[in-house]
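See structure below.
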Amino acid sequence: MDSPVPATLARAPARPQARAGEEACADTRQDAPAEAEPPPRRPAAFYSSVFAQIEEIGWKQLVSATGDGVSCLTFRVVDEPGRMHLLEITLPMGYPESPPSISADVPYLPKIHWSKNSRLKDVICQFQAHLKILQEFWNTMDEIDKVLWIVDPTKPSYAMSHRRIALDARKPNSLPECRFLGTDGKLDQLIINWRKNRKKWDTKKKFHENLAAVLDFVLPSPPSVGDKAKDDEQADCGICYAKHLPVDDELGAHSGCATDYMCENPSCSRAFHSVCLRDWLRSITTTRQSFDVLFGNCPYCSDPVAVKITGH
């Protein structure tokens, strides 16, 4: 992260030497920093009201309360299939006249309907109704994760609507927008099939069945442990999405090379070309350089990475 920039203190203009005690005291008070105003206090009725509303929901559902004690509340909400979600509710200074804001790990947030008679339990109920709408989306994503070989993300969150293919969270079974990555020669036929067969997409069928039919291609199943270990030796680069760099004189010794750097986080283990990772780190403002080494964070898991700068 960027280091905080220290505040610059401007030097006050020189003043004539004080001639009297009172004047000297006045100068001292002027030079002293002004005391920061205390944050506005909420009325006691606010706290008693919020505590009562938490009681309605159930204290066991409350995960945390931060701010001035109750300004930011995080509740545990479990949907029908048993997925656990954390709903963060922030109460503004004008609450309850002003509606609360919410945050959660979902593809998109619902619009909260609020009135002067609304309470926190109403927010929870509206969020639960929103979770019901998202069940078909998550079922589709679970089916994709189960049946197909997912390259990334390795640990998707509930908010993610991509597995290299973008899905509309509101219409999970509709025809997606696809971007084909890889060697041009091998992709030509897939692109032709996609354009020719896309009208055959049937929203009543499962996603992976539609995808295989439209591409007219047998989709790879999740690899076994042995296959995955073998494939990791020549894994796609997490930045350029190719196993090998192009054959190019400008790349020097790296021309045509396979991935040669792997994130040391065992839950990530994402492979990269050191050339790609170096160029990506140079584009990030938080990257630090010490001698001929760049220090930054993995684009996927944010764990520390370090790449040596080499000429080519």
Side-chain angles (χ1 to χ4, degrees), residues 1-11 33-34 36 39 63-64 66-67 71-72 74 86 88 90 101 103-109 149-166 179 181-183 228-312:
M1 296 180 65
D2 290 333
S3 300
V5 179
T8 303
L9 301 179
R11 182 181 295 277
V63 176
S64 65
T66 58
S71 291
C72 185
T74 301
L86 297 179
E88 183 180 284
T90 302
S101 59
S103 176
D105 187 22
V106 293
Y108 63 99
L109 292 168
W149 183 352
I150 305 302
V151 178
D152 69 272
T154 55
K155 290 187 176 181
S157 68
Y158 290 138
M160 292 181 178
S161 60
H162 67 277
R163 302 292 189 274
R164 287 279 184 95
I165 297 173
R179 182 165 61 98
L181 305 172
T183 306
K228 189 175 188 301
K230 181 179 179 180
D231 187 77
D232 282 344
E233 297 176 2
Q234 290 188 325
D236 290 351
C237 172
I239 295 174
C240 73
Y241 297 111
K243 286 185 174 66
H244 297 272
L245 288 170
V247 178
D248 192 328
D249 291 339
E250 293 186 1
L251 293 175
H254 297 283
S255 176
C257 286
T259 51
D260 57 352
Y261 187 96
M262 181 173 291
C263 176
E264 295 182 358
N265 181 354
S267 64
C268 176
S269 299
R270 187 69 209 211
F272 303 97
H273 297 115
S274 57
V275 173
C276 295
L277 186 58
R278 180 198 64 197
D279 292 344
W280 185 85
L281 288 174
R282 281 176 168 170
S283 69
I284 304 300
T285 58
T286 55
T287 298
R288 296 177 294 104
Q289 181 175 344
S290 178
F291 295 100
D292 61 345
V293 179
L294 294 175
F295 296 90
N297 302 98
C298 173
Y300 286 81
C301 71
S302 298
D303 265 25
V305 293
V307 180
K308 189 173 182 178
I309 301 173
T310 55
H312 51 71

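Residue numbers run from 1 in the order of the sequence given.
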Gap between atom CG of D236 and atom NE2 of H244 - 0.5 Å precision:
9.5 Å

What's the shortest heavy-atom distance between N297 and S302, and which atoms?
ND2-O, 2.9 Å

Enter the distance from I284:CD1 to D279:CG here, rounded to the nearest 0.5 Å.
11.5 Å

Please check if the side chain of Y300 supplies one atom and the backbone of R270 the other of a donor-acceptor pair under 3.5 Å.
no

Residues in side-chain hydrogen bond (donor to acceptor under 3.5 Å, both in side chains) with S267, at least two apart?
N265

Can you name the side-chain contact (heavy atoms from CB on, under 4.5 Å) partners of S71, sequence neighbours left out?
R42, D68

Restricting to side-chain contact (heavy atoms from CB on, under 4.5 Å), what partner residues turn up for Q289, sequence neighbours left out?
L294, I309

Residues at least two apart in sequence or cross-chain that pass ring pair (Phe, Tyr, Trp, His ring centres under 6.0 Å) with Y261, listed by chain then number, are none

Considering only heavy atoms from C-beta outward, does the side chain of V305 approach that of M262 to under 4.5 Å?
no

Quick check: closest heavy atoms across D105 and A159, and the distance to 0.1 Å?
OD1-CB, 2.8 Å

For S274 against D260, the heavy-atom pair lying closest together:
N-OD1, 2.7 Å

Shortest non-hydrogen contact from V293 toward A306
CG1-CB, 4.0 Å

Looking only at heavy atoms, the pair that brings L281 and G296 closest together is CD2-CA, 3.9 Å

Spacing of CD belonging to E88 relative to OG belonging to S101, to within rounding of 0.5 Å
8.0 Å

Show the numbers, then the answer: is there a side chain to side chain contact (heavy atoms under 4.5 Å, CB included) between F272 and C298?
CA-CA 10 Å; F272 303 97; C298 173; 4.1 Å; yes

For C276, side-chain contact (heavy atoms from CB on, under 4.5 Å) partners two or more places apart:
C237, I239, C240, L245, H273

Suppose we screen for side-chain hydrogen bond (donor to acceptor under 3.5 Å, both in side chains). Which residues come up paired with S64, at least two apart in sequence or across chains?
T74

